[in-house]
Amino acid sequence: MVGEILESAGEAVLYGVVGFAVMAVAFYALDLVTPGHLAKVVWQERNKGAAVVLGGEMLGVGLVIAEAIRASESEEGLGYGLLSTGLYGLAGVVVMTLVFAVVGAITPGPMGAMVLEDQDGRAHPAAWVQGAVYVGTALMVGAALS
């Protein structure tokens with residue numbers, strides 16, 4: 001019984017590491033499509049718009065990873081589950097980044113810069129929209145995995 005608990009805990013840690021790695025890739029993908037260095041913009045400059053978009057993206061990636069973990073349960077074993085979770089998670093990051101580019105192409109002005117325009121201590125409405133787009137996209141990608 002204790003052995004099963006320890007084995008499950010170890011698997012949870014491994015899935016967590018895979019999820020964190022996918023989140024790191026997502027962070028750098030967002031950093032590429034927004035002006036400035038994202039970590040500096042969020043943590044040092046305290047930009048609310050950047051935080052909203054980043055939060056939406058991280059929540060979205062977490063949703064995709066959760067669905068990927070659920071979908072990875074199979075007879076193939078832990079290695080297959082970790083690999084499929086990582087690949088599905090990266091597919092979600094690609095789709096979310098493409099959606100960011102598409103939304104940016106159909107809206108006025110450069111989306112990456114627009115989401116970082118805080119005014120009077122408030123995030124630009126585009127940041128909220130983009131954060132919600134990330135979550136909505138993640139829900140769609142996650143649904144495709146089940």
Name every donor-acceptor pair, under 3.5 Å, that has one atom in a side chain of residues 64-71 and the other anywhere in the protein, sequence neighbours excluded.
unit_1, atom_1, unit_2, atom_2, d
E67, OE2, R70, NH1, 2.7

- Message: Out of the candidates V115, V133, V42, only one should pair with V53 under the side chain to side chain contact (heavy atoms under 4.5 Å, CB included) rule; please name it.
- Response: V115
- CG of L38 to CD of E45: how many Å apart, nearest 0.5 Å? 10.5 Å
- Name of the residue among V22, L83, V141, L145 meeting side chain to side chain contact (heavy atoms under 4.5 Å, CB included) with Y88: L145
- Matching residue for T137 among L98, V103, T97, V95 - test: side chain to side chain contact (heavy atoms under 4.5 Å, CB included): V95
- Task: Would you indicate whether the side-chain heavy atoms of T34 and V41 approach each other to under 4.5 Å?
- Result: no
- Message: Check whether D118 reaches the backbone of N47 with its side chain - one donor and one acceptor, N or O, closer than 3.5 Å.
- Response: no
- Query: Can you get from L63 to L87 by hopping between Ile, Leu, Val, Met, Phe, Trp and Tyr side chains that sit under 4.5 Å apart?
  - Reply: no
- Roughly how far, to the nearest 0.5 Å, is CG of L59 from CE of M23? 8.0 Å
- Do the side chains of L30 and F100 get nearer than 4.5 Å, heavy atoms only? yes
- Note on the structure: d(Y134 OH, L54 CG) to nearest 0.5 Å is 9.0 Å
- Task: Spell out, yes or no, whether V102 and W128 are grouped together once hydrophobic residues are joined by side-chain heavy atoms under 4.5 Å, including indirect joins.
- Result: no
- Query: If we ignore angles and hydrogens, is there a donor and acceptor under 3.5 Å between the side chains of Y15 and S72?
  - Reply: yes
- Hydrophobic cluster membership, V17 vs L90, 4.5 Å side-chain cutoff: no
- Message: Nearest 0.5 Å, please: how far is CD in Q130 from CE in M96?
- Response: 11.0 Å
- Cluster partners of V2, using ILVMFWY side-chain heavy atoms under 4.5 angstrom, listed by chain and number? L6
- Taking every non-hydrogen atom, the tightest pair across E117 and H124: O-CB, 3.3 Å
- To the nearest 0.5 Å, what is the distance between CE (M58) and CZ (F27)? 7.5 Å
